[in-house]
Amino acid sequence: MSSTLGTLFKVTTFGESHCKGVGAIVDGCPPGMALTEADIQPQLSRRRPGQSDLATPRQEADQVVIYSGTEFGRTLGTPIMLLVHNKDQRPQDYGEMSRIPRPSHADYTYQMKYGIRASSGGGRSSARETIGRVAAGAIAEKWLRETYGTEIVAWVSAVGDIEAPPADVERIGRAEVDRHLVRCPDPAAAARMEALVKEVLAAKDSVGGILTCVCRQVPVGLGEPVFDKLEARLAQAMLSLPATKGFEIGSGFAGTRMRGSRHNDPFVRKEGGLGTSTNFSGGVQGGISNGEPIVFRVAFKPVATIGQDQETVDFNGEPVTLAAKGRHDPCVVPRAVPIVEAMAALVLVDMALRQRGRQPAGSS
């Protein structure tokens, strides 16, 4: 099983939904950076369950502990171990799942691949695995911010068929995003989205959505042609998240309906060098960052586990009615915001370290 991401900044996540704890090992973090749990906890608190009536009622504080890799509040350059204990474990909620593969979940594929699986809460396919990603991403993001001034902000741009107006990618911040429970910065759209999620929750159903993310102040030159293009690595990172079904950057699929004469991004003189007057490329050209804001979108499907009875079959092929128990989000996108930000940071920090490694001493 592949649970490691990165080349120089390597992150390995561990843990299942209902085991004793989850977390990550970060190997390759540069030494000498100030780092304590307080630098990591805010993003974990944004991701944690039970934070509103739009999310799963599972109650977890998700308090992170740094077990290694720092001394006196500074990174040592050695592996950093991050651990979050699971407190609200209820594996008994999943007793029936041991013999019934849940529709559109990973139960069947994991069982067929390994001949065994963690039936409680989906095991490694559970969104609880993303705790390690968020914790590691907070470290990556701090290094990027202190080194380049990089800012990473994600927000909910659609829930179901409700789409928010485009946000100002040059100025949007996390305080604006977190102003609404659904994490959509547009008040009118946020109200409609929240109403839809509550409607779906009352019906014991689920609904999907889209997140948009912008990465600002990313240095020029990040990305490794041909197979490690920046957008390819971002796509891999985002599509490795639970419930993701789509990724597009810049103009994305809409760009196919444009003429090249309109879609091209003309170069202009900007402070510090060249820039572009438009950004249909989404900040990446030829697989390499060009200094403009990197803008991409990630599509999340409706949560597979719902409260309604579903007609399916057990592992023997016998017809059964599945009455799923457990605690699940009716819509994952509000809690996915910090997860997408974390994955973006992990890709960017790895690419930045690779780029710095090929430059002459003294250059940035």
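When a residue number appears, it is its place in the shown sequence, counting from 1. Side chains are part of it too, since the values below use all heavy atoms of this structure and drop only hydrogens, waters and symmetry mates.
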Verify whether one side chain among [X] and [Y] offers a donor that lies under 3.5 Å from an acceptor in the other.
{"X": "T13", "Y": "R124", "answer": "yes"}
{"X": "E311", "Y": "T321", "answer": "yes"}
{"X": "R128", "Y": "N86", "answer": "yes"}

*From P103, S104, S206, residue fulfilling side chain to side chain contact (heavy atoms under 4.5 Å, CB included) relative to I306*: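 Exactly one candidate clears the test, S206.
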Does the side chain of [X] reach to within under 4.5 Å of the side chain of [Y], using non-hydrogen atoms?
{"X": "T75", "Y": "I80", "value": "yes"}
{"X": "I294", "Y": "L348", "value": "yes"}
{"X": "D62", "Y": "S45", "value": "no"}
{"X": "I66", "Y": "I40", "value": "yes"}
{"X": "V26", "Y": "F9", "value": "yes"}
{"X": "P330", "Y": "D205", "value": "no"}
{"X": "L241", "Y": "I339", "value": "yes"}
{"X": "S240", "Y": "R133", "value": "yes"}

Over all heavy atoms of both residues, which pair between [X] and [Y] is shortest? Give the atoms and the distance, please.
{"X": "L230", "Y": "S289", "result": "CD2-CB, 3.8 Å"}
{"X": "V197", "Y": "C331", "result": "CG2-CB, 4.0 Å"}
{"X": "H180", "Y": "C184", "result": "CD2-O, 3.0 Å"}
{"X": "V134", "Y": "P338", "result": "CG2-O, 4.2 Å"}
{"X": "V332", "Y": "V303", "result": "CG1-CG2, 3.2 Å"}
{"X": "I249", "Y": "V295", "result": "CG1-O, 3.2 Å"}

According to salt bridge (charged side-chain N to carboxylate O under 4.0 Å, His left out), does anything in [range] pair up with another residue at least two apart or in another chain? List the pairs.
{"range": "residues 155-178", "value": "R46-D178, E141-R174, D168-R171, R174-E341, D178-R183"}
{"range": "residues 261-283", "value": "K270-E292"}
{"range": "residues 236-256", "value": "E248-R297"}

Connected hydrophobic set around [X], excluding itself, where side chains approach under 4.5 Å:
{"X": "M81", "value": "F14, I25, V65, Y67, L83"}
{"X": "F280", "value": "M258"}
{"X": "L76", "value": "none"}

What pairs with [X] under side-chain contact (heavy atoms from CB on, under 4.5 Å), at least two apart in sequence or on another chain?
{"X": "P266", "result": "S277, T278"}
{"X": "A352", "result": "W143, L144, Y148, L222"}
{"X": "K229", "result": "E231, A232"}

Could you give the distance from [atom1] ([X]) to [atom2] ([Y]), rounded to the nearest 0.5 Å?
{"X": "D39", "Y": "I139", "atom1": "CG", "atom2": "CD1", "value": "8.5 Å"}
{"X": "L44", "Y": "E37", "atom1": "CG", "atom2": "CD", "value": "11.0 Å"}
{"X": "M238", "Y": "R233", "atom1": "CE", "atom2": "CZ", "value": "11.5 Å"}
{"X": "N279", "Y": "N290", "atom1": "CG", "atom2": "CG", "value": "6.5 Å"}
{"X": "Q355", "Y": "R358", "atom1": "CD", "atom2": "CZ", "value": "5.0 Å"}
{"X": "L82", "Y": "S68", "atom1": "CG", "atom2": "OG", "value": "8.0 Å"}

*Under the salt bridge (Lys or Arg N to Asp or Glu O under 4.0 Å) test, residues paired with E194 that sit two or more places apart*: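 Listed in chain order: nothing, the list is empty.
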*Please determine if R354 and D228 form a salt bridge, counting it only when a charged side-chain N lies under 4.0 Å from a carboxylate O.*
yes
_Suppose the criterion is ring-ring contact (aromatic ring centres under 6.0 Å, His included): which pairs have a residue in residues 230-252, not counting sequence neighbours?_
F247-F296
*For K301, look at atom NZ and say whether over 12 heavy atoms of other residues, nucleotides or ligands are found less than 6.0 Å away.*
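Yes, enclosed.
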*What residue pairs, at least two apart or across chains, pass side-chain hydrogen bond (donor to acceptor under 3.5 Å, both in side chains) with a residue in residues 250-259?*
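Residue pairs passing side-chain hydrogen bond (donor to acceptor under 3.5 Å, both in side chains), neighbours aside: S251-H263.
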